[in-house]
Amino acid sequence: MLDIAIVKRLGALQLDICFASNLGVTALFGRSGAGKTSTVQIVAGLLRPDYGRIALGDRVLFDSRQKVDLSAPERRVGVVFQEGRLFPHMSVRRNLLYAHAARQNPEFERIVDLLGLGDLIQRKPSTLSGGEQQRVAIGRALLSAPDILLMDEPLASLDAARKAEILPYVERLRDEAGLPILYVSHQIEEVARLADTVVLLSDGKVLATGTVDEVFSRPDLMPMTGRFQAGSVLTAAVTCHDADRKMSRLVFPGGALIVPSIPLPEGRQVRVRIRARDVSLALDRPKDISIRNILAGTVESLTDTEDPFRTVIVKVSDEAGENRIAATVTASAVADLDLIPGKSVFALIKSVAMDRRSMALPPRDDIVA
Amino acid sequence: MLSDAETDALLLSLSVAFWSLVVTLPLAVALAWVLARREFPGKMLVNSFLTLPLVLPPVVTGFVLLILLGKQGWIGVWLDRWFGIEIAFRWTGAVVAASVMAFPLIVRPIRLSFEAVDPRLEQAAATLGARHWRRFLTVSLPLAQPGIIAGAVLGFAKALGEFGATITLVSNIPGETQTLSLAVYSLLQVPGQENAVLRLTVIAIGISVLAVVIAEILAQRTRRRIRPDQANDA
């Protein structure tokens, strides 16, 4: 749907962006200063690239060779900015109806419902909480009937509680709105929870593009995510619940996990993010241990993380397929256990480390297809 | 209570102030927006030129206007020939003099107000499909309203009391160009008119206070519209 290939000089930063994104959520992921926000502004028509081409389906938004450069109002690109940018002198209703397209939008009631805006409609933006403002901003962008929704770190200015309040709405949006979403974030948790595709940006360049599982499991990219953020993402299926013990069992290609119970029907797919620092390694299968998840695998590779740590990629496989789990350990542990590629190890993961926040519903299959 | 001449002077002053506001306010809003939002070569020059009426002696400004707009003036000849408009020694000339003197005072607060409008809100409006004019009318203009009110009040007050440029350009003709200030000046030249002077002075003070109070009420309302929670702090 969105095809972008542009070059733009921004002071010391040379932006050289090329990727395509489809229906569902494409995350633009990278550290601050990587060029994420500039990319959003370029797609929205608020910043002009030096040269290149941007197309949305068969609509060309910008093409330096054919001298096409649609203005922002002509692009039909909805933007949710980090700071909301609601019009302070208008009520929530007038904000929502600002776009001409919004006035005849038959979806009005449904979008107001989807974002839980019903009770806010008469209020002024300054009387809303940060989370409420952001929901109104999302609604306002959606009601303008855009061909794509750009979300530029929409949760960055919110505290953890507000984030938790908004994320479910964004998930519903992804599954129900039926339009492509370009989601900018430097928070791996948000990306792992929401995205279908990840575009990893660094210093203005695209380092990698792929599914969430692929990009976050690639060992060579782990320095990009930092020691505390590094981890692996697995797509697993709920197989059974143990109501007495309040635990659920998830199966994924390469093994199974016991996690605190999740309120989902059996057979439902979930996406689990395991932070590398929550994984320990052992050479023998430990006995009499509180850790519920012990996965047998082999060391595939090691990456230098920030000293004195190393991130070890462990490959786990069974008849259903294989997956990779990242474990951050100290360099001295690597030396003592003699962890080298090919060595058999056991990856130990505390169930406690996998709370509700590290699990998310992957995008519905019919949307992705 | 007032003599005919005093009533004439009062009505003429109000009419001159009103018409100079009608003429200058749209121009001032347009220029203020351009100065706040656009960079162009010669911006400094425009700025300096705009300040001139504030720093020049009003008599000098009036004389320059006379040279330009008088019956034999560069622009005056042309105005007379093509439109049959006479400026010098007519009440329209008083409007021109008041407008020129008030213009910089009107532009300044409006410009500051436009500069205070977050350009990111205009960007947001653009992504919602609003083109130039709609962005201006629905976002920039309403948010700059406190400054526009302030500018209008300052301009009105200045136009009401303008003296130097007015007397130089249009002289002091009772019933045609004799505004409130000029009437007070004339009365002061004649012994025994202290009561008349006092009456006009009280009226002038009354009008000015009223204008300021109305402006304050309007500004208060605007603030409440924009930030209902903080309207009382301001």
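Throughout, protein chains are lettered first and strands after them, A, B, ... in sequence-line order, and every chain is numbered starting at 1.
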Whether A:Arg85 side chain and B:Arg120 backbone form a donor-acceptor pair below 3.5 Å: yes
Those residues of residues 47-74 of chain A, ordered by number, that approach chain B below 4.5 Å (heavy atom to heavy atom): A:Ala72, A:Pro73, A:Glu74
Residues in residues 128-150 of chain A near chain B [non-hydrogen atoms, under 4.5 Å]: A:Arg140, A:Ala141, A:Ser144
Whether over 12 other heavy atoms sit under 6.0 Å from B:Arg108 CZ: no
Members of residues 7-16 of chain A whose heavy atoms come closer than 4.5 Å to chain B: none
Residue pair A:Phe87 / B:Leu121: nearest heavy atoms and the distance that separates them: CE2-O, 3.4 Å
Inter-chain contacts: residues 97-115 of chain A against chain B, heavy atoms under 4.5 Å: A:Tyr98, A:Ala99, A:His100, A:Arg103
Non-hydrogen atoms of B:Thr138 and A:Met90 that approach each other most closely: O-CE, 3.5 Å
Residue among B:Arg134, B:Gln123, B:Arg131 with most heavy-atom pairs under 4.5 Å to chain A: B:Arg134
